[in-house]
Amino acid sequence: MNLRRLMNQPDFTQAVAEEMLTSRSFWADARRRFLKNKMAVIGVFFVGLIFLFAIFGGLFAQYSNEEIDWSLLGNVKEQGGPSLSNGHWFGVDELGRDLYARVVQGSRVSLMVGFIAGTVAVLVGSTIGAFAGYYGGRLDQVIMAAYNITISIPYIIFFVVWQAFFGRSVEQMIIVMIIINWTAGLLIARGQVMALKNREFVDAARMLGLSDARIILKHILPNMLWVIVIYTSIAIPDMIMTESLVSFLGVGIQEPATSWGALISEGASTMTFGTLWHLTFPAAFFAVNQVSLYYIGDGLRDALDPKERK
Amino acid sequence: MTRSPLLSVRDLEVKFPLVHTKAWPWSKPDVVHAVNGVSFDLPTGKTLGIVGESGCGKSTLIRAIAGLETLSNGTVNLLGKQVDFADKADRLRLRQNVQMIFQDPVASLNPRMTIREIIAEPINVFFPDLDKDTQRVRVSDLLDRVGIAERNANRYPHEFSGGQCQRIGIARALGAGPKLLLCDEPVSALDVSIQAQVISLLQDLQKEIDLTLIFVAHDLGVVRHISDDVLVMYLGGMMEMAPSSDVIKNPQHPYTKALLSAVPIPDPTAKIRPEILIGDLPSPLSLPQGCLFNTRCPKAFEGCDTIRPEFTRNAIGSVACRLFD
Amino acid sequence: MTLLSVQDLSIRFKTPDGYVHAVNNVSFDIDAGEKLAIVGESGSGKSQIALSVLGLQARNAEVTGRVLFNGENLVGMSQPTLNKIRAREIAMIFQDPMSSLNPYMPIERQLNESLELHEGLKGTAARQRVLEMLDAVQIPDAKNRLRSYPHEFSGGMRQRIVIAMALLCNPKLILADEPTTALDVTVQAQIMQLLEDIQKEHGTAIVLITHDLGVVAGFCEETLVLYSGKIMERAPSSSIFAAPSHPYTRGLMRAVPNIHDDNATLFAIPGQPPNQMLQINGCPFAPRCTDAIESCVNTIPDLVGTTHKRACHRPAEDLS
């Protein structure tokens with residue numbers, strides 16, 4: 001009869017259900033799902049390697065990135081190839097500089113531009129978008145007008161004009177990338193906030209008389225963070241792609257600085273002379289990095305999208 | 001003995017501009033007339049049920065009382081003093097005394113907060129002087145009161161069923177120590193076997209702490225069961241208000257009659273034929289002239305489409321219909 | 001004559017965390033022209049039964065048992081053969097009318113589509129038929145509204161259009177899954193009236209799936225009560241409403257507030273519906289049942305009885 005008494009407790013079924021469930025927060029759950037995605041984990045591994053290479057790769061370089069190896073200049077094609085014996089592991093470039101050191105330098109620049117510009121642009125855009133979505137009305141109209149104007153400016157022209165005035169350093173590159181991409185994440189954050197602010201738990205928070213700032217920070221932001229995370233993971237490879245594209249076209253990063261795009265551009269221009277390593281090394285880094293980042297983004301989307309959840 | 005009512009609402013109107021239908025940024029938007037002149041008094045410890053079909057403005061009405069929608073016209077008096085929704089101190093007074101529970105129990109809880117955090121929040125906001133231990137004890141008491149085991153307090157809302165989430169929502173509302181609890185269709189998303197649990201909980205609470213309730217629902221059976229008085233709304237206007245048993249037994253307004261006859265009865269031998277209303281609800285963008293119900297009223301006669309009837313008291317209750325003038 | 005015979009139907013869903021047992025060994029018959037109600041709360045598996053009759057179950061569902069329609073087994077039937085039966089012989093009405101209407105297509109074209117596909121009707125003949133049907137479901141001014149899009153109609157009108165669509169090919173069976181749940185009571189009364197008229201006129205069998213006992217009482221001759229994927233009780237409506245003999249049915253009826261009862265007290269059924277991830281060896285209602293005895297937990301009760309069938313270990317007289 002003990003059993004019956006136990007079963008008649010209202011909490012019985014709940015207790016049974018508990019044995020099946022272990023309480024997990026959204027983020028703990030997401031982490032578990034992300035780690036289950038093998039391609040995304042491999043992506044993290046490769047991007048990690050590329051980061052280590054960019055940060056510490058310089059320590060192992062036998063030559064600096066500026067030093068010209070006069071002994072090889074003039075017969076780059078015959079003797080400038082990748083070699084373990086002379087320390088030019090990736091060979092030398094057209095001007096006799098060590099390509100290994102140049103790729104380290106280019107990786108730093110590309111990753112820096114991609115991660116800093118990508119993150120900052122999404123943060124700026126989604127913050128502005130969140131304000132537009134939360135307050136609506138006139139503010140929303142003004143922000144949306146600014147958005148429409150921004151996305152109709154051809155960004156290559158903007159690059160050229162900006163750099164004519166302010167020069168072409170890496171810092172300028174990051175700033176101009178943020179300026180042309182400030183709208184990244186704006187629409188998505190605006191839409192999210194507009195949907196969330198009408199949810200009943202936000203009404204409940206308003207019933208407590210919380211300030212707008214506290215409602216946004218405590219009740220809205222945690223519920224849209226996943227969108228911003230996913231969006232950032234897509235924006236970063238996009239930024240690297242844009243940077244490479246403009247550098248490839250010759251309006252981005254300029255000598256003596258370099259980036260993957262600039263290196264690929266140089267490599268492509270000398271490809272026909274038979275110095276194929278000029279192209280393959282930076283291109284391989286670029287490609288592995290981009291593919292890995294896209295897989296990470298994919299994994300994040302699967303792990304974080306609530307539609308995937310029961 | 002005449003106690004001054006806890007809440008008294010006069011001529012309350014809510015209008016929404018439909019911004020998205022504007023042709024030009026500067027053109028005047030269409031206006032939805034959601035609530036059109038509602039007045040009532042609610043004494044302490046009583047329950048007012050508000051019924052009506054979707055689009056009748058019943059939810060908007062209580063959201064306006066809660067300060068979640070802006071009044072276009074009219075006044076709300078709480079504890080004998082008019083509420084100035086623009087004044088910060090007055091808003092605080094409102095929130096300390098008036099709390100709300102919502103229709104969708106799961107959506108009314110922040111999915112990123114644990115149950116403990118959700119229930120602790122109002123205590124934190126309204127009683128910031130309490131030390132941490134007292135706050136914790138209060139959370140435990142509230143959980144216990146609504147029948148959620150405390151060992152589950154560190155779980156997230158999606159791990160609970162709809163009925164449990166609604167009880168958590170009630171605990172959160174009680175945390176503020178309100179005198180008036182606004183219930184916006186609190187059981188319509190729940191299964192019938194669970195509905196009764198939530199309704200009983202509300203009734204018990206009412207007895208224990210002298211809570212006053214406004215209970216909005218489209219289910220007349222539920223409203224009758226819990227309410228002292230029932231207000232029937234149609235198209236944002238008041239049709240009839242009377243003690244709940246009178247509304248059911250002696251419905252006066254033709255709309256109330258139609259509404260009642262349409263309620264299905266769980267008894268195959270019952271021989272009440274539903275009085276089928278013709279046509280659809282008029283658009284709240286342009287209200288009908290005269291009585292709001294005249295376009296569908298089976299009893300409409302000459303003048304109903306021009307003269308808006310006054311809401312007048314009679315022996316049974318109050319009704320807005322020219323049949324009773 | 002038996003039109004549809006569901007025999008030992010079980011449905012379970014494969015999820016990453018294990019199997020969800022939605023429907024467990026359900027059997028029932030419907031005769032031609034009969035009106036049967038399947039009553040249950042959310043999670044009782046009532047919609048899953050309807051979907052699997054039409055072969056519309058989700059991809060991760062595993063359906064076992066037999067669903068005989070006019071003697072043909074629909075379970076495991078190939079999609080092309082099923083397609084022929086769907087709409088022509090069996091039609092379905094869903095809770096949300098918008099889910100069966102294409103928002104980007106005028107209603108005439110949507111209605112024509114099934115006529116053309118199943119009956120080969122075209123042109124004026126098809127239009128004639130569509131108009132007749134829209135008149136039958138009382139769409140006012142149907143002639144001028146043929147080119148309207150679904151969003152231009154109110155919720156009740158949309159449900160009428162869906163009913164017209166279901167009736168177009170004169171099906172022998174209509175599965176109506178909560179057809180009025182999304183609608184207001186006055187509109188609900190209109191729609192139930194309409195379904196009743198149509199049933200009388202065409203002799204269509206109707207399975208009404210709902211959680212609302214009130215709607216059932218006025219409409220169906222037979223009622224089947226489902227809980228957690230198992231049949232608790234099945235009987236003629238007159239008998240089940242007058243003398244519910246299963247503790248769950250009783251609890252359900254006491255939990256519904258009757259507006260015409262003056263001193264009604266509401267009885268809540270304690271506890272929560274069971275976790276369907278677990279395979280249970282007894283009556284699924286036992287944990288919430290105040291009359292449960294030990295065998296309720298250990299042995300699955302059979303559905304027994306002649307006209308009034310019930311699945312309960314305890315005799316009806318012994319129940320509280």
Side-chain angles (χ1 to χ4, degrees), chain B residues 51-56 147 160-164 187-201 203 218-226 234 244-245 247-249 255 258-281 283 296, chain C residues 40-44 138 140 153-157 180 182-190 192-194 210-221 223 227 236-242 248 251-262 264-273 288:
Chain B
V51 291
E53 299 179 283
S54 41
C56 76
F160 292 87
S161 69
Q164 290 171 317
V187 296
S188 60
L190 305 177
D191 276 321
V192 277
S193 72
I194 306 295
Q195 276 186 8
Q197 294 178 1
V198 172
I199 293 170
S200 310
L201 174 64
Q203 286 179 313
H218 62 265
D219 184 337
L220 271 163
V222 171
V223 167
R224 153 154 214 209
H225 187 80
I226 195 168
Y234 178 82
S244 58
S245 55
V247 167
I248 307 295
K249 275 187 227 146
Y255 176 66
L259 193 63
L260 271 172
S261 76
V263 176
I265 302 156
D267 178 4
T269 54
K271 281 282 158 272
I272 301 179
R273 294 303 295 172
E275 196 178 309
I276 306 281
L277 284 179
I278 315 286
D280 285 336
L281 196 69
S283 163
R296 301 171 74 192
Chain C
E41 301 180 282
S42 45
S44 63
Q138 297 152 26
F153 293 89
S154 69
M157 286 297 157
T180 58
L183 307 173
D184 283 314
V185 275
T186 56
V187 185
Q188 167 171 292
Q190 296 171 353
M192 293 316 295
Q193 182 72 57
L194 175 68
T210 183
H211 69 278
D212 191 334
L213 288 166
V215 173
V216 171
F219 188 75
C220 294
E221 300 113 359
T223 301
Y227 181 77
S237 300
S238 51
S239 151
I240 212 167
F241 280 93
Y248 175 64
L252 210 54
M253 288 189 186
R254 281 186 217 160
V256 183
N258 182 342
I259 59 166
H260 296 288
D261 189 351
D262 270 343
T265 15
L266 278 192
F267 291 98
I269 302 178
Q272 308 289 331
R288 300 174 73 187

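Chain A is the first sequence line, chain B the second, and so forth, proteins listed ahead of strands; every chain is numbered from 1. Computation of the quantities below employed the complete heavy-atom set of this structure, encompassing side-chain atoms and omitting hydrogens, waters and symmetry-equivalent molecules.
Using a distance-only test at 3.5 Å, with no hydrogens or angles considered, no donor-acceptor pair links the side chain of E41(C) to the main chain of L190(B).
Side chains of P264(B) and M192(C) form no contact here, defined as non-hydrogen atoms less than 4.5 Å apart. Counting only heavy atoms from C-beta outward, the side chains of Q272(C) and Q197(B) approach each other to under 4.5 Å.
Across all their heavy atoms, D184(C) and E53(B) have their closest contact at CB-OE2, 2.9 Å. The minimum heavy-atom distance linking F267(C) with A196(B) is given by the pair O-CB, 3.8 Å.
For V185(C), the parts lying near chain B are the backbone and the side chain together; criterion is any non-hydrogen pair under 4.5 Å. With a threshold of 4.5 angstrom between heavy atoms, Q188(C) approaches chain B through side-chain atoms but not through N, CA, C or O. At a 4.5 Å heavy-atom cutoff, Y248(C) makes no contact with chain B through either its backbone or its side chain. Of the atoms belonging to I199(B), it is side-chain heavy atoms, and not backbone ones, that fall under 4.5 Å from chain C.
With chain B as partner, the option from A255(C), C220(C), S42(C) having the largest number of non-hydrogen pairs under 4.5 angstrom is S42(C).
Between the NE2 atom in H218(B) and the OG1 atom in T186(C) there is a gap of 11.5 Å [rounded to 0.5 Å].
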